[in-house]
Protein chains: 2
Amino acid sequence: MVSLHPIMAKSADLDPRHILNKSGYKATKGRTCILEVLINEKGPITVAEISKKLGRNKVDEVTLYRALEALVSSGILRKVDLQRGNARYYEFVETHHHHFVCSDCGAIESFSDKLCEKIVKNALKNSNIFKKADTHSLEIFGICSKCAKQNR
Amino acid sequence: MVSLHPIMAKSADLDPRHILNKSGYKATKGRTCILEVLINEKGPITVAEISKKLGRNKVDEVTLYRALEALVSSGILRKVDLQRGNARYYEFVETHHHHFVCSDCGAIESFSDKLCEKIVKNALKNSNIFKKADTHSLEIFGICSKCAKQNR
DNA sequence: ACCATAAACGCAAGTTAGTTGCAATAAATT
DNA sequence: AATTTATTGCAACTAACTTGCGTTTATGGT
């Protein structure tokens, strides 16, 4: 075990191997690289894009799907639907946030708003069958100014 | 043209044929039945479920997909992702609302909250690239009390 | 009521997205 | 270093969705 010089060390919660082990997974070459791609990406990305970014570390598609599913079930990744064809997107969950998506070019802008918690609280209060919320997703769709200009 | 007795008449905005024509579509037997299923359903439903509910009015899957896509593009239907496997859900858009979904059994409870508009407004104000929002989707995920009881 | 026309349809075939079972491999634990 | 158990890759498969094209059908004009 080589210890890194302080300035080189990643904070533990951004180190793929550490994250994997902490959640009871083996830090295999495959999963480490997959998680690394998602940590660096810092935004939603499709399975096909992940595969491409893996480059020479590419894994079998089955392995990729299984890894993603596992990481989602542990809350390390999040699966989001950006209404772009049939693609599902995955993103590393660092802080909870939402997306503003361009329906035309797919540009994504992230945002967060504490009012969301209030809405969830309201929904719980008014619900007959739910007593607790685990998570939520909010996406706003529109046309970005670049596309708006082009389409005119 | 037979005019219906007042008590039999559907309000125009719930009559599939009227809705179709108003948006420039032909009120074919297929599309009329498809839209009828969705109007009666009053909640998100999968393509497979729609097909089953069509019964003897079943249409080819291609026809179904093309009809759904057209109706979504006109804002008559809405496509939602309830994070249940790979199924996409469609629902008739009567009033804007959101979903509280049980991650276990898939039970759906609809709700709406005016705070959402506020969030959209905030997001627009803070955005660098969006000047206008068309629509948004909000889903809350949790375990319903029935499933919570069973799993214990 | 008939005709023209454009939308909508169904079929066949194809693509993309995601899954299952299983034997081989590689982390982690002892 | 040996053992254990998660993870991997392969082959084959299912599910979800799409494209092209010739035929049918609703609708608006005569």
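Convention: sequence-line order gives letters A, B, ...; per-chain numbering from 1.
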Atom NZ of B/Lys29 to atom P of D/dT27: distance rounded to whole Å? 15 Å
What parts of residues 65-87 of chain B reach DNA chain D, counting only heavy atoms under 4.0 Å away? B/Tyr65, B/Arg66
With hydrophobic residues grouped by side-chain heavy-atom distances under 4.5 Å, do B/Ile39 and B/Leu20 end up in a single group? yes
Same cluster or not: A/Val93 versus A/Leu35, using hydrophobic residues (I, L, V, M, F, W, Y) connected whenever any side-chain heavy atoms lie under 4.5 Å apart? no
Please report, to 0.1 Å, the donor-acceptor pairs under 3.5 Å made by any side chain of residues 59-75 of chain B, with sequence neighbours excluded.
unit_1: B/Asp60; atom_1: OD1; unit_2: B/Val62; atom_2: N; d: 2.9
unit_1: B/Ser73; atom_1: OG; unit_2: B/Ala70; atom_2: O; d: 2.8
unit_1: B/Ser74; atom_1: OG; unit_2: B/Tyr25; atom_2: OH; d: 2.3
unit_1: B/Ser74; atom_1: OG; unit_2: B/Ala70; atom_2: O; d: 3.2

Show me the side-chain donor-acceptor pairs of residues 106-123 of chain B shorter than 3.5 Å, one per line, residues at least two apart or across chains.
unit_1: B/Glu109; atom_1: OE1; unit_2: A/Ser127; atom_2: OG; d: 2.6
unit_1: B/Glu109; atom_1: OE2; unit_2: A/Ser127; atom_2: OG; d: 3.4
unit_1: B/Glu109; atom_1: OE2; unit_2: A/Asn128; atom_2: N; d: 3.0
unit_1: B/Asp113; atom_1: OD1; unit_2: B/Leu115; atom_2: N; d: 2.8
unit_1: B/Asp113; atom_1: OD2; unit_2: A/Asn122; atom_2: ND2; d: 2.9
unit_1: B/Asn122; atom_1: ND2; unit_2: A/Asp113; atom_2: OD2; d: 2.9

Applying ring-ring contact (aromatic ring centres under 6.0 Å, His included), which residue pairs with at least one partner in residues 127-147 of chain A are found, sequence neighbours left out? A/His96-A/His136, A/His98-A/His136, A/Phe130-B/Phe100
Once you build an axis from the first five pairs and another from the last five of the helix from C/dA1-D/dT30 to C/dT30-D/dA1, how far apart in angle are they, to 10 degrees? 50°
Ignoring backbone atoms, establish whether A/Thr63 has a side-chain N or O less than 4.0 Å from OP1 or OP2 of D/dG9. yes
Sorted by chain and residue number, the side chain to side chain donor-acceptor pair (under 3.5 Å) partners of B/His18 (sequence neighbours excluded) come out as none
If you group Ile, Leu, Val, Met, Phe, Trp and Tyr by side-chain heavy-atom gaps below 4.5 Å, do A/Ile50 and A/Ile76 land in one group? yes
Do B/Val101 and A/Val80 belong to the same hydrophobic cluster, where Ile, Leu, Val, Met, Phe, Trp and Tyr are linked whenever their side-chain heavy atoms lie under 4.5 Å apart, directly or via other members? no
Out of curiosity, does B/Leu138 fall in the hydrophobic cluster containing A/Leu124 (side-chain heavy atoms, cut-off under 4.5 Å, transitive links)? yes
A/Ile34 has an atom CD1; how far is it from atom P of D/dT7, in whole Å? 11 Å
Applying side-chain contact (heavy atoms from CB on, under 4.5 Å) to B/Asp134 and not counting sequence neighbours gives A/Ile143, B/Lys132
side-chain contact (heavy atoms from CB on, under 4.5 Å) filter on A/Asn57, not counting sequence neighbours, yields A/Lys29, A/Cys33
Please report, rounded to the nearest Å, how far the P atom of D/dA16 is from the CZ atom of A/Arg88. 10 Å
Salt bridge (Lys or Arg N to Asp or Glu O under 4.0 Å) filter on A/Glu49, not counting sequence neighbours, yields none
Specify the separation, in whole Å, of atom CG of B/Asp60 and atom P of D/dG22. 17 Å
Inspect the contact between B/Lys146 and B/Asp104 and indicate whether a charged nitrogen and a carboxylate oxygen are less than 4.0 angstrom apart. no
So, are B/Glu94 and B/Lys42 salt-bridged, with charged N and O less than 4.0 Å apart? yes
Going by heavy atoms closer than 4.0 Å, what residues in residues 50-57 of chain A are next to DNA chain D? none
Where does the chain A footprint on DNA chain C start and end, counting 5' to 3' with a 4.0 Å heavy-atom cut-off? C/dA17 to C/dA28
Taking atom P of D/dT18 as reference, at what distance in whole Å does atom CG of B/Leu64 sit? 11 Å
Could you list, one pair per line, each protein nitrogen or oxygen that sits under 3.5 Å from a nitrogen or oxygen of nucleotides 2-6 of chain D, together with the distance?
unit_1: D/dT5; atom_1: O2; unit_2: A/Lys26; atom_2: NZ; d: 2.6

Between A/Glu41 and A/Lys53, is the closest basic N to carboxylate O distance under 4.0 Å? yes
Heavy atoms under 4.0 Å, any strand shown: does A/Ala48 hit a base, just sugar-phosphate, or nothing? nothing
Regarding B/Asp13 and B/Lys22, does a basic nitrogen lie under 4.0 Å from an acidic carboxylate oxygen? no
Looking only at D/dT7, D/dT18, D/dT27, the nucleotide nearest the B/Val62 side chain is D/dT18
Proximity to the side chain of B/Glu61 - top-ranked nucleotide from D/dT7, D/dC17, D/dG20: D/dC17
